[in-house]
Trainee: 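I have a structure I would like to understand better, so I am pasting it below and will then ask my questions one at a time.
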Amino acid sequence: MQIDYTKIGYRWKGDYSATATYVNGDVTRKDGGIYAYNGTTWVKHIQDQQNGTAKGEVLTPDDTTVVSGIVDQTLEINGLGMPEFAFPTDNPRRTGVAKLPKIDFADNSGIGMVQSMYFIMSDGTIMACGRTIHGMLGGKTRADQNLNRPTQVMFPEGAGRMVDVYPAYYCAHSIDHKGQLWGWGYNNLGQVGVGNTTTQYTPKLINGKGDLPADAKVTDVYMSNGEAGVSARIFRTDDGRMYYVGQNRQSCAGTQENNSGDYALTTPKLITKSAEIPMVKAYIGGGDYMVTVLKDAAGRMYICGEYNSAGNYVYPVADWRSAQHTLITQTSVYPAKDFMFHGSYFHGSGVGEYRIAVILFENGEIMHWGGNESGYNVTPRVYNPGGMISDGRPNGNNWKQVSCWNGYYPTIMGIKNDGSMWYMGYLPGAGSYGTQVSPGTVTNVWTRLVEYGYDNKRFVTQGINYGRFWMVEKNNGSFQNGGYNGTGVAGNGTITDGYLGNVPDSLMKLNKPIKEWIVGGYMQQASSYNTFYGLGYDGNVYSTGYDDYGQLGREDEQEYATTPSPVKF
């Protein structure tokens, strides 16, 4: 795609309207193409310039490959000499929301993020709302003064335009366009990475701390969302190296030659295996018994941590722990796609740690360990991998996405390539609507959730113990929840638990196309305290669900909302 620099300064106006007034420099999509108004007539832009001829090409709201803008932005040249969209400096209208946070946790117990919410704006700033405790809003230090309208996170001089933000429990990190890493918030175990355990009320530069070079280009941040692992982070740089900081139970950081028990890292420490083999992704999971996984470009996975959590791959290591990452042998033959791990301490009974792990392979098969090999309460917990590759199990392949829960009641859930939804284990929260399996029962065979049909695109899960919640995006862009809905996250106008599959009244009441979306959970029973955020193509963010700290961003006082409305910037 070529950029026509003669069109810098053109204003993007979206779809053409015969009733609208246009002036010289306005650009719209009309008559199957992209046209610019020269003050007298409309001139069609040719293909392969910065305006394409089809939806999804440059200048359209849903473009993700080159540059994109929202209505009333102009195409400009930024400090790097590259074209981008921004509002003119003399335009009093607010900047638009460009991106939502990244919260791709390997551990989905759901105790973080939702108390404070962040938005990356089109001018590279970050706006935040919700709870201010531990400096979560980056400059607002009063723990008792929650903000229900977004305020700007105060970065120091030298910070670039932010391109990603990664929030978790009382702590957040962000990456700017220079590849610099910033962190702020709760720091009791050094998880911010500045070399101490003192709360950081404003963003601090992490580059140059510990093993992370000052000129490093950080590309991603990986986090856990549960128990001990919530106080740990892994940072990836553009050369495939991984750096660990924070809580380090069972020596899961993989940063040392010999196991020395539990300790915390207050500055980024290079993970040994990533210095040997460049890695493309990392995962952190676990409650009291932590585990970390690294993945290389060939789809091989390497695991480190407590041996039961690690599927006994590190069993020969003394004291049940491995100080460095060990190859998961099956992934050297069958490339892995994704890893999910859920570990939680079951506080209700005090009987100890429960965990379950699932690997999704590129060929659509899965294997898993922990909790129970084949379903709840059928066989004892098995910490050796079950559901091996090519073991002939029915329903063992063609998975598009999988997730898992534990905490006394293990469950595995997933979407197959045909769009159908299945689960095995404990089924929670069907409420009065029911399903083919009664709520609160278990199954040790794969069971299809027939009410969801075959039009399921993607889902997220939250919750532990008895409390479970999931949100499904349909192929047509609508949203459907399952499990618990005690604070209105389903957005269907109710707080009724359950799911109705494809029944229209159960769908979220959101008549807007959504570009990207996330769900965050709060506290151990996260299924009761979830909040949904969806970024629309119109530049607005729509929120629904739990709001006890103002995280809905609506400037009103309420415990929760049952239908989505725009965040008020």
Trainee: Counting only N and O atoms by type, is there a donor-acceptor contact under 3.5 Å from the side chain of S309 to the main-chain atoms of V291?
Mentor: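 Looks like no, no N/O pair under 3.5 Å.
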Trainee: Could you state the interatomic distance from CD1 (I284) to CD1 (I234), rounded to the nearest 0.5 Å?
Mentor: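 One gets 4.0 Å once the value is rounded to the nearest 0.5 Å.
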Trainee: Mind checking side-chain contact (heavy atoms from CB on, under 4.5 Å) for A128 and listing every partner two or more places apart, or none if nothing turns up?
Mentor: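 Result, side-chain contact (heavy atoms from CB on, under 4.5 Å) vs A128: Y118, L137, V153.
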Trainee: Does Q180 reach the main-chain N or O of K178 with its side chain, forming a donor-acceptor pair under 3.5 Å?
Mentor: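 Not confirmed, Q180 side chain does not pair with K178 backbone.
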Trainee: By salt bridge (charged side-chain N to carboxylate O under 4.0 Å, His left out), which residues pair with K209, not counting sequence neighbours?
Mentor: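 Salt bridge (charged side-chain N to carboxylate O under 4.0 Å, His left out) list for K209, sorted by chain: empty.
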Trainee: Tell me whether W369 contacts the main-chain N or O of I356 through its side chain, where contact means a donor paired with an acceptor under 3.5 Å.
Mentor: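 Absent.
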Trainee: For R458, check salt bridge (charged side-chain N to carboxylate O under 4.0 Å, His left out) against everything at least two apart and list the hits.
Mentor: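 Salt bridge (charged side-chain N to carboxylate O under 4.0 Å, His left out) list for R458, sorted by chain: empty.
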Trainee: Could you check whether any side-chain heavy atom of H173 comes within less than 4.5 Å of a side-chain heavy atom of R233, counting everything from C-beta outward?
Mentor: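 Yes, their side chains come closer than 4.5 Å.
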Trainee: Where is the tightest heavy-atom contact between Q191 and C171, given as atom of each residue plus distance?
Mentor: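 Minimum heavy-atom contact is CG-SG, 4.0 Å.
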Trainee: Which residues pass the ring-ring contact (aromatic ring centres under 6.0 Å, His included) test with Y222, not counting sequence neighbours?
Mentor: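 Checked Y222 against ring-ring contact (aromatic ring centres under 6.0 Å, His included); zero matches.
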Trainee: Using modelled atom types only, decide if a donor and an acceptor are shared between the side chain of Q247 and the backbone of L189 within a distance under 3.5 Å.
Mentor: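 Pair absent, no side-chain N/O of Q247 close to backbone of L189.
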Trainee: Taking the side chain from S116 and the backbone from R131, do they hold a donor-acceptor pair closer than 3.5 Å?
Mentor: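 Confirmed, S116 side chain pairs with R131 backbone.
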Trainee: Can you measure from OG1 (T219) to CG (L181) and round to the nearest 0.5 angstrom?
Mentor: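 These two atoms lie 10.5 Å from each other.
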Trainee: For the side chain of T202 and the backbone of G139, is there at least one donor-acceptor N/O pair under 3.5 Å apart?
Mentor: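 Not a single qualifying donor-acceptor pair exists.
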Trainee: Side chain of N148, backbone of R554: donor and acceptor closer than 3.5 Å?
Mentor: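 Not at all, since once roles are kept as given, no pair shorter than 3.5 Å links the two residues.
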Trainee: Determine whether N540 and Y542 make a side-chain contact, defined as any pair of heavy atoms from C-beta on separated by less than 4.5 Å.
Mentor: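 They are in contact (side-chain heavy atoms under 4.5 Å apart), so the answer is yes.
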Trainee: Is there a donor-acceptor contact under 3.5 Å from the side chain of K457 to the main chain of G477?
Mentor: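 Pair absent, no side-chain N/O of K457 close to backbone of G477.
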Trainee: Does K295 have more than 12 heavy atoms from other residues, nucleotides or ligands lying within 6.0 Å of its NZ?
Mentor: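 It does: K295 NZ has more than 12 such atoms within range.
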Trainee: Would D220 and K102 count as a side-chain contact (heavy atoms from CB on, under 4.5 Å) if you check the C-alpha gap in whole Å, the side-chain angles of each, and the deciding distance to 0.1 Å?
Mentor: CA-CA 9 Å; D220 223 329; K102 287 190 174 181; 4.2 Å; yes
Trainee: Suppose we screen for side-chain hydrogen bond (donor to acceptor under 3.5 Å, both in side chains). Which residues come up paired with K400, at least two apart in sequence or across chains?
Mentor: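 K400 satisfies side-chain hydrogen bond (donor to acceptor under 3.5 Å, both in side chains) with no residue once adjacent residues are dropped.
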Trainee: Which of these passes side chain to side chain donor-acceptor pair (under 3.5 Å) with Y302: D296, T331, T326?
Mentor: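 Running side chain to side chain donor-acceptor pair (under 3.5 Å) over D296, T331, T326 with Y302 returns exactly one hit, D296.
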Trainee: Grab the two heavy atoms, one from R236 and one from M279, that are nearest each other, plus how far apart they are.
Mentor: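 Looking at all heavy atoms of both residues, the shortest contact is NE-O, 2.8 Å.
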Trainee: Take S174 and W184, measure what side-chain contact (heavy atoms from CB on, under 4.5 Å) needs, and give me the verdict at the end.
Mentor: CA-CA 9 Å; S174 66; W184 65 96; 3.6 Å; yes
Trainee: ring-ring contact (aromatic ring centres under 6.0 Å, His included) with Y283: which residues, sequence neighbours excluded?
Mentor: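 Applying ring-ring contact (aromatic ring centres under 6.0 Å, His included) to Y283 gives F339.
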Trainee: Taking only residues two or more places apart in sequence or in another chain, which ones pass side-chain hydrogen bond (donor to acceptor under 3.5 Å, both in side chains) with R241?
Mentor: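 None.
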Trainee: Only counting residues at least two apart or in another chain, list the ones meeting salt bridge (charged side-chain N to carboxylate O under 4.0 Å, His left out) with K273.
Mentor: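 With sequence neighbours excluded, K273 shows a salt bridge (charged side-chain N to carboxylate O under 4.0 Å, His left out) to E276, given in chain and number order.
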Trainee: Has the side chain of T292 got a donor or acceptor atom that lies under 3.5 Å from a matching backbone atom of C252?
Mentor: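 Yes, because the side chain of T292 sits within donor-acceptor range (under 3.5 Å) of the backbone of C252.
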Trainee: Does any non-hydrogen side-chain atom of N188 lie less than 4.5 Å from one of T197?
Mentor: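 Not in contact.
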Trainee: For the backbone of L270 and the side chain of D211, can you confirm whether one donor and one acceptor N or O come within less than 3.5 Å of each other?
Mentor: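 Confirmed, D211 side chain pairs with L270 backbone.
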Trainee: How would you list, by chain and number, every residue that makes a ring-ring contact (aromatic ring centres under 6.0 Å, His included) with F119, sequence neighbours excluded?
Mentor: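 F119 satisfies ring-ring contact (aromatic ring centres under 6.0 Å, His included) with F569 once adjacent residues are dropped.
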Trainee: Working to the nearest 0.5 Å, report the span between CD1 of I120 and CE of M127.
Mentor: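 Between atom CD1 of I120 and atom CE of M127 there are 13.0 Å.
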Trainee: What closest approach, in Å, do M117 and Q551 show between heavy atoms, and which atom pair accounts for it?
Mentor: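 Minimum heavy-atom separation between M117 and Q551: CB-O, 4.1 Å.
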Trainee: First locate atom CG of L294, then atom SG of C304, and finally report the distance between them rounded to the nearest 0.5 Å.
Mentor: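 That separation rounds to 8.5 Å.
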Trainee: What closest approach, in Å, do M471 and V519 show between heavy atoms, and which atom pair accounts for it?
Mentor: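 Between these two residues, the closest heavy atoms are CB-CG2, 4.2 Å.
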Trainee: Any side-chain heavy-atom pair from Y263 and L265 closer than 4.5 angstrom?
Mentor: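 Contact flag for Y263/L265 side chains = yes.
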Trainee: Locate the shortest heavy-atom distance separating I415 from N456; write the atom from each residue and the value.
Mentor: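 Scanning both residues, the minimum pair turns out to be CG2-O, 3.7 Å.
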Trainee: In chain order, what residues pass the side-chain hydrogen bond (donor to acceptor under 3.5 Å, both in side chains) check against W182, with sequence neighbours excluded?
Mentor: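 Result, side-chain hydrogen bond (donor to acceptor under 3.5 Å, both in side chains) vs W182: D176.
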Trainee: Tell me, with the steps shown, if T267 and L212 meet side-chain contact (heavy atoms from CB on, under 4.5 Å).
Mentor: CA-CA 8 Å; T267 58; L212 184 65; over 6 Å; no
Trainee: Check side-chain hydrogen bond (donor to acceptor under 3.5 Å, both in side chains) between D547 and all other residues, then give those that pass, not counting sequence neighbours.
Mentor: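 side-chain hydrogen bond (donor to acceptor under 3.5 Å, both in side chains) list for D547, sorted by chain: empty.
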Trainee: Decide yes or no for T531 and L552: does some side-chain heavy atom of the first lie under 4.5 Å from some side-chain heavy atom of the second?
Mentor: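 In contact.
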Trainee: For a side chain to side chain donor-acceptor pair (under 3.5 Å) with N187, tell me which candidate from N196, T198, T199, T266 qualifies.
Mentor: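 In the set N196, T198, T199, T266, the residue that makes a side chain to side chain donor-acceptor pair (under 3.5 Å) with N187 is N196.
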Trainee: Distance from L100 atom CG to D164 atom CG, nearest 0.5 Å?
Mentor: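 One gets 11.0 Å once the value is rounded to the nearest 0.5 Å.
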Trainee: If every non-hydrogen atom of G193 is compared with every non-hydrogen atom of V245, which pair is closest and at what distance?
Mentor: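 Nearest heavy atoms, G193 then V245: CA-CG2, 3.6 Å.
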Trainee: Output the distance between atom CG (L360) and atom OG (S403), rounded to the nearest 0.5 Å.
Mentor: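 Rounded to the nearest 0.5 Å, the CG-OG separation comes out at 11.0 Å.
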Trainee: Quick one: does D338's side chain get under 4.5 Å of K281's, heavy atoms only?
Mentor: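 With C-beta onward as the side chain, the pair touches.
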Trainee: Does the side chain of Y529 come within less than 4.5 Å of D548's, by heavy atoms?
Mentor: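 They are not in contact (no side-chain heavy atoms under 4.5 Å apart), so the answer is no.
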Trainee: Less than 4.5 Å apart, any side-chain heavy atom of I328 and any of M367?
Mentor: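 Yes. Closest side-chain heavy atoms under 4.5 Å.
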Trainee: So, using ring-ring contact (aromatic ring centres under 6.0 Å, His included) as the criterion, who are the partners of Y186 when residues are at least two apart?
Mentor: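 H134, Y170.
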